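I have placed the structure first, in the form of structure tokens, so that the comments after it can refer back to it.
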Protein chains: 2
Amino acid sequence: MVAPERRRRVTISDVAKHAGVSKAAVSKVIRNDYGVSQAMRDRVKRAIDELGYRPQAAARALRGRAFTIGVLMQHIGIPFYAEIVTGLVDELAESEYQAIMIQGGTRDKTEKRAIDALIDRQVDGILMIAPLAARTHLEQVAREIPTLVLGRHDRSPAYDSIVDDDRVGSELVMEHLIGLGHRRIGHITFDKEHGQAADRTPQIRAETYERVMREHDLAGEIAVATTSYTEEGGYDGARELLGRSPRPTAIFAGSDEAALGVLAALHEAGLSVPGDVSVAGYDNTKLAAHPNIALTTVNQDGVVMGRTAGRLLLERIEGRTSAAHFSVIPSLVVRRSTASPRPCPAGTETQMPARTVRDVTAADAVRRRG
Amino acid sequence: MVAPERRRRVTISDVAKHAGVSKAAVSKVIRNDYGVSQAMRDRVKRAIDELGYRPQAAARALRGRAFTIGVLMQHIGIPFYAEIVTGLVDELAESEYQAIMIQGGTRDKTEKRAIDALIDRQVDGILMIAPLAARTHLEQVAREIPTLVLGRHDRSPAYDSIVDDDRVGSELVMEHLIGLGHRRIGHITFDKEHGQAADRTPQIRAETYERVMREHDLAGEIAVATTSYTEEGGYDGARELLGRSPRPTAIFAGSDEAALGVLAALHEAGLSVPGDVSVAGYDNTKLAAHPNIALTTVNQDGVVMGRTAGRLLLERIEGRTSAAHFSVIPSLVVRRSTASPRPCPAGTETQMPARTVRDVTAADAVRRRG
DNA sequence: GGAAAAATGTGTACCGGTCTACGACATTAC
DNA sequence: GTAATGTCGTAGACCGGTACACATTTTTCC
């Protein structure tokens, strides 16, 4: 067997020669530039097809664009991030741009390396999902490359941003629980001491929890456990809240991850859900939807966020200079983990619709902000 | 406020000028090339630090390497893929290479576009996780760029490959169930009719199931439902198996996804797990580990696979031409979804350790194959 | 001490595109 | 008929690196 001789790739010069025109002409056709006759266009396009030519991104990047959008995320295994990427990829599908993902990890140092890697690869735009970096660093990056930050509440005129409206989401949960008749509602949050919190999300959720409690004259029932938004954090937080007397009849965990820990703690304590304690989360992760878990939670439409991100980035690349900030309205997903505090007649299970999603349309869900 | 004037990036020429040497010298230092004195090295390195220079990947790619490994996957939200990437990133951390991920989607066309995108971006190596493409196409890609295919059983001398040893994994499940005393064990598999199956994985699992049944003189009890490896497939398959009389006391679903569907179907039928029916899956997804699900399943060490993939790709890039094929030995994770078929005395729950993972060390888990 | 060998640094042609400047030609205006 | 304008195509510099060829030292060895 002959060694597989690596055949040289077809270049723009090959196409030019094959079509009997100049390199410049081919380039113009590829980029849909001005100053090409229809005849020329057809001719070049035929040559491109015949040779199976595809421009090399690296060469293009050197002078013009790389036609690449870089997406930075801590970890690729997070379902919500996957939704965002789905939306982004969807939006970019019609364009010539390609999305590439890079893992930044959970440490400042590794994230910086990842961001640098994207810049070094000349991406045309960067979508940062919940980055750890300091705001000044983000602004510095944005000065070099169109940047969109998703999931952080600290806006900047230097870059676009998209966030979930955590106020609305938290209100939805609280009004739901209170509407069911709960009064002793606990909350699990976290602060900087317990992990990397470059963002105010937990604060907003906790503040809203307290505000709604007060608005319903339940200030005396406020009970917050400050741990972290992880399964362990939820577990610890739940144990703390359950230790109080009287114990809460409902727990609003700041995140689904934490809510899973809460469920584990309740399971261990021999308490039933929602019979003894109702549980609600935030984020609508895939786990939350599973019938064996059936967690009431808040859904952020990641796909819409991703689509919007793609659109905004393309706009920026096309030259927009003013910053755009979007807030996406979440919706409540009621499942079987929440019910009225009074137990139902023995033997019958709470009859809540298993997967009622009060969805808003994409158009409603996104609203432009000042 | 002054418009943020985009400052020109520091280039190799800037460094050369600042250090008072030639471009070529700087390039040599960067690449650790032969023919540089220690004095020169120090001088250039200082200049690099002082200016904060980082080479531009696009420019490097044009002539030499891009220092980029491309990872193709259907979807970034799959936890097992995330593990692989973790291992890969870990392995690459010491090198100068960076991993970028790209979504291929679930259709041939979108996958092809993604692969082309990687090639156009001049990546130095491609890791394809369970690609859909035909073998000939993969070989064609491998002729251009060092390629490693993960999770497909069809080897080729053109590219390296890493697979889970599905025979061993399936044996582990079956021996476990039979060891518990089960005889009527059903299996859920899928075939090409029910989805994209470029690979023989389901076949191997199903064949092993049947073989082990026969080896234990249980040929008469063999019951296979052919649906798909999805939650819906598991649901449908379980309903089919449960319809038989007598119904199986255990179900070995070909994948965790399918197992989740099985659980849903059992739940709906009012059957308890593992009291009435034991359930085992394959893949050890994150869901399977959750206490509310606690599924007995087979764990493939994705991190080890990723690390191995990284090492093999770097070897290839360095010039290895012979193909390497690795098989990773999985391990059984026993959780609460499996127990002996005879119900325990009423009131006590089956006492199985919740999260016993019989782990093999990384060294044992990977073994080289002809 | 002198020749051969090794070590070190530089000049410069690339890589494959993009893009500006410019020339040739056609069309319209006066 | 000539000038002005517009359309179309090409030449060639350029992007920021790499790597080869070569000149110039320095070292090694008799």
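First the proteins, then the strands, lettered A, B, ... as listed; each starts at 1. Given the structure is predicted, the values throughout are model-derived calculations rather than measurements.
- One atom, NZ of Lys28(B), and another, C1' of dT12(C), lie 14 Å apart when rounded to the nearest Å.
- With hydrogens and angles left out, the side-chain atoms of Gln56(B) and Gln122(A) include a donor and acceptor closer than 3.5 Å.
- Distance CD1 (Ile12(A)) to C1' (dC19(C)): 11 Å, rounded to an integer number of Å.
- Atom-to-atom, CG of Asp33(B) to P of dT18(D) comes out at 10 Å; the value is rounded to the nearest Å.
- To the nearest angstrom, P of dG12(D) lies 16 Å from CZ of Arg63(A).
- Looking only at side-chain heavy atoms (C-beta outward), His75(A) and Val85(B) stay at 4.5 Å or farther from each other.
- At the heavy-atom level, Tyr34(B) lies under 4.0 Å from base atoms of the strands shown.
- OP1 and OP2 of dG17(D) both lie 4.0 Å or more from every side-chain N or O belonging to Ser27(B).
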What pairs of nitrogen or oxygen atoms, one from the protein and one from nucleotides 24-26 of chain D, lie under 3.5 Å apart?
none

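- As a whole-Å value, the separation of Arg43(A) CZ from dC8(D) P is 15 Å.
- Nearest to the side-chain atoms of Ser37(B) among the listed nucleotides dT10(D), dG9(C), dC8(D) stands dG9(C).
- Listed for the Ser27(A) side chain is no donor-acceptor partner under 3.5 Å among the backbone atoms of Lys23(A).
- When rounded to the nearest whole Å, the span between CG of Asn32(B) and C1' of dA19(D) equals 16 Å.
- Closest to the side chain of Lys23(A), out of dG17(C), dC19(C), dT10(D), is dG17(C).
- Note: CG (Asp14(B)) to P (dC15(D)) measures 11 Å, nearest angstrom.
- Residues Val15(B) and Val10(B) meet the side-chain proximity criterion, which asks for heavy atoms closer than 4.5 Å.
- Side chain to side chain, Ser37(B) and Arg41(B) fail the donor-acceptor criterion of an N or O pair below 3.5 Å.
- Nearest-nucleotide assignment on DNA chain D puts the 5′-proximal partner with Gln38(A), out of Ile30(B) and Gln38(A).
- Candidate nucleotides dG16(D), dT10(D), dC15(C) were compared by shortest atom distance to the side chain of Leu62(A), and dG16(D) ranks first.
- When distances run from any side-chain atom of Arg31(B) to the nucleotides dT8(C), dT18(D), dT10(C), the shortest one goes to dT18(D).
- When heavy atoms are screened at a 4.0 angstrom cut-off, Val26(B) is found touching no nucleic acid atom at all.
- Ser22(B) has a side-chain polar atom (N or O) that falls below the 4.0 Å cut-off from OP1 or OP2 of dT10(C).
- Counting to the nearest Å, the P atom of dC15(C) and the CZ atom of Arg65(B) are 19 Å from each other.
- Between the side chains of Thr68(B) and Arg121(A), at least one donor N or O sits under 3.5 Å from an acceptor N or O.
- Closest to the side chain of Arg60(A), from the set dT18(C), dG9(C), dT10(D), is dT18(C).
- Not one N or O on the side chain of Thr147(A) forms a donor-acceptor pair closer than 3.5 Å with the backbone of Tyr159(A).
- Side chain of Ala24(B), nearest nucleotide from dT12(C), dT10(D), dC14(D): dT12(C).
- Using a 3.5 Å distance cut-off with no hydrogens or angles, the side chains of His153(B) and Ser161(B) do not pair a donor with an acceptor.
- Residues that satisfy the ring-ring contact (aromatic ring centres under 6.0 Å, His included) test with Tyr81(A), not counting sequence neighbours, are absent from this structure.
- Taken residue by residue, residues 47-57 of chain A places no heavy atom nearer than 4.0 Å to DNA chain D.
- A donor-acceptor contact closer than 3.5 angstrom links the side chains of Arg65(B) and Tyr97(B).
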